Trainee: 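One structure follows; several queries about it will come next.
Everything numeric in this text was worked out from a predicted model, so none of it was measured. Proteins get letters first, then strands, A, B, ... in listed order; numbering begins at 1 in each.
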Amino acid sequence: MFQYLIKRLLYSIPILIGITLITFSIMYLTPGKPTDMISDFNAKVTSESKERLIKLYGLDKPWYEQYWNWLKRVAAFDFGSSFKDGRPASQKIIERLPATLLLNILSIILMLIIAVPAGVYSAVNKYSLFDRAATVIAFICFSAPVFWAALMLMIVFGLWLGWLPVSGIVSFEFNELSFLGKTWDLAKHLILPVFVSALGSFAALSRYIRSGMLDVLKQDYIKTAYAKGLSRRQVIFNHALKNALLPLITIIGLSIPGLIGGSFIIETVFSYPGMGRLGYDAVMARDYPVIMGIGVISAFLTLFGNITADLLYSFADPRIRRR
Amino acid sequence: MILSAQNLSVAYKTDSGVVKAVNGVSFDVAKGESFVIVGRSGSGKSTVVSAIMGLTDMDGGKVLSGKIMYGGKNLLSMPFDERRILYGKKISVVFQDPQSYLNPVIKVGRQIEEAVVVHNRGISKKDLSSIVNETLKKVKLDDLQRIANSYPHQLSGGQKQRILIAMAIINSPQLLIADEPTTGLDAAAQKQILDLIEELKQKLGLTLIMITHNMKVAKKYSDKIAVMHNGEITESASVKEIFENPKSEYTKMLIEAQS
Ligand SMILES: Nc1ncnc2c1ncn2[C@@H]1O[C@H](COP(=O)(O)OP(=O)(O)OP(=O)(O)O)[C@@H](O)[C@H]1O
Ligand SMILES: [Mg+2]
């Protein structure tokens, strides 16, 4: 087990480097330079000072040299400073982390709470009214673009009904509120983004659970369970559920990068101050250090999520448990 | 009569149309006897077992007509909750090719215990473990602790077979159905398992319905034989009669093919 873990970790290193290399190349190939963004809208900046900036950031060097320099610095945990405001990229990212984590953990929890029972119930009552309705709803959720769903909900609950705020994470007067008031204020701001980001994956997951459960219910060991005289409930809860839900571990593991990377679209639409929005702004400003920083963290977490999922899976499923 | 099938017909819906797997089958099983159904592969033997256990729907099949009478009641029209009290307690089954019949993610010991607990709510821990140990000894499994703590994939085919037999007999049923209980085992293990079933039958006084495609097995272990062919029972009589004076050509052929 330990050996396996070490091996997996060692394998991750070239993968991580590969991912950053690809991110770097894409960024480099994208039209527009960071210095354009800083200088073009600012009449006072002369082309001379622009040159100076280019030199300062090392942008005049060939791309492989730039990448190599970047890599060397990252090896020492130095992600460089933002081109935009000169603050350390790592600090900018860490600042945004809690908001993104909060949003995504809540939306994963919401998604599981809805999708797992819905999927299981659909499978157990296949072709029932509930199952048909769930199919239709899942299909709608699945095909509705996230930004469209977000805008529609903002219009209905924010503008027409005026029940929920449509942007940010807290109100202006947040600091003057009592503790309960603060919690409620935060909750109100979170409802729409959490719901919208759960929506798309909810549809896919509930279908996935349904088909997994249907598959398990056809297995021979379910016949044994019925032959023992177990009730339908006992068959489902004691025998089918664990087998059907095992793949969830992998799914949750794979969604960890989303946890941190944040959803660019949702955070942008809701002006939510998370990492997704930071990433969006950084891409728009060609803020290389911040883009690369987010890239590294996302890649790292993806690998981390994969390995954790595999480990958990091997604990949960006796068939692939290792010594 | 402990169980009797009357004019049972079962069909499966498949991509290439409806397959009538069992067609108007009737038989009676008397208390204490060994009733063997023989027939070639695909003749509908397991389909009959499925129908008795109420699992036809799960197989994607449908009972078209007929009754399966047990204790004066038709199992096929009994409400689920009434029927399930009988299964595992009065009527037990050992399925064909049992490798996939144990839940892969639950320890074997717990799966056996469950068979007891479901019919004996509130049984004490001590009684439970003594019943389990006793039954595992009955099916000649040694190293009980290790086996009970194993997952199915950690056991051999023969061990799994014995576990499933243990689960089937643990509540001392009246009727045990064994569907080709020895497929996939080597010759020595086959004989062991069959002798074990025979021995348990004597000891526990249970009635046995055994399915096989092997005439020698049928001859050795049965009191009464039903020959199945293409979903129908072509001949049904005592062992002696079947082997000394077979009526149908098909039965003659089966006997000759295996002697
Ligand atoms: N789940 C199923 N779906 C569709 N057809 C089935 C199904 N199970 C059995 N059949 C068909 O029904 C017929 C009888 O099958 P059954 O399993 O009862 O035969 P069997 O006598 O037990 O054979 P074997 O000796 O090989 O176990 C076969 O033609 C088979 O193809
Ligand atoms: Mg069969």
Trainee: Is it the backbone or the side chain of B:Y101 that comes under 4.5 Å from a heavy atom of chain A, or both, or neither?
Mentor: both
Trainee: Does any non-hydrogen side-chain atom of B:L8 lie less than 4.5 Å from one of B:K67?
Mentor: no
Trainee: Look at A:K228, A:R232, A:H239 and state which one has the largest set of heavy-atom pairs under 4.5 Å with chain B.
Mentor: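 Top count of heavy-atom pairs under 4.5 Å with chain B: A:K228.
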Trainee: Less than 4.5 Å to any heavy atom of chain A: does that hold for the side chain of B:I106, its backbone, both, or neither?
Mentor: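 Just the side chain, heavy atoms under 4.5 Å.
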Trainee: At a heavy-atom separation under 4.5 Å, does B:L164 approach chain A through its side chain, its backbone, both, or neither?
Mentor: side chain
Trainee: For A:Y121, I'd like to know if atom OH has over 12 heavy atoms of other residues, nucleotides or ligands within 6.0 Å.
Mentor: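 Open.
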Trainee: Given heavy-atom pairs under 4.5 angstrom as the criterion, report whether the side chain, backbone, both or neither of B:D59 touches chain A.
Mentor: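 Only the side chain of B:D59 comes within 4.5 Å of chain A.
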Trainee: Counting heavy-atom pairs closer than 4.5 Å to chain A, which one of B:N103, B:I170, B:I85 comes out on top?
Mentor: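 Highest number of heavy-atom pairs under 4.5 Å: B:N103.
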Trainee: Give the minimum heavy-atom separation between B:I37 and B:M228, together with the two atoms involved.
Mentor: CG2-SD, 3.9 Å
Trainee: Is A:L246 in contact with chain B via its backbone, its side chain, both, or neither, using a 4.5 Å heavy-atom distance?
Mentor: side chain
Trainee: Which bit of B:V105 is near chain A, if near means a heavy-atom gap under 4.5 Å: side chain, backbone, both or neither?
Mentor: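 It is both, since atoms from each part get that close.
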Trainee: Quick one: are B:D179 and B:F95 in side-chain contact, heavy atoms under 4.5 Å?
Mentor: no
Trainee: Check the side chains of B:E33 and B:T207 for a donor-acceptor pair under 3.5 angstrom, ignoring hydrogens and angles.
Mentor: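 Result is no, nothing qualifies.
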Trainee: Let me know if A:Q234 has heavy atoms under 4.5 Å from chain B in its side chain, its backbone, both or neither.
Mentor: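 The answer is the side chain of A:Q234.
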Trainee: For the interface with chain A, which of B:M53, B:M167, B:M58, B:Q99 has the highest count of heavy-atom pairs at distances below 4.5 Å?
Mentor: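 The answer is B:M58.
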Trainee: Tell me whether the rings of A:Y226 and B:F80 are parallel (<30°), tilted (30 to 60°) or perpendicular (>60°).
Mentor: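 The arrangement is perpendicular - the two ring planes meet at more than 60°.
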Trainee: Compute whether any side-chain donor of one residue and acceptor of the other, for B:Q154 and A:R319, lie under 3.5 angstrom apart.
Mentor: no
Trainee: Can you tell which part of B:Q111 gets under 4.5 Å to a heavy atom of chain A, answering side chain, backbone, both or neither?
Mentor: both
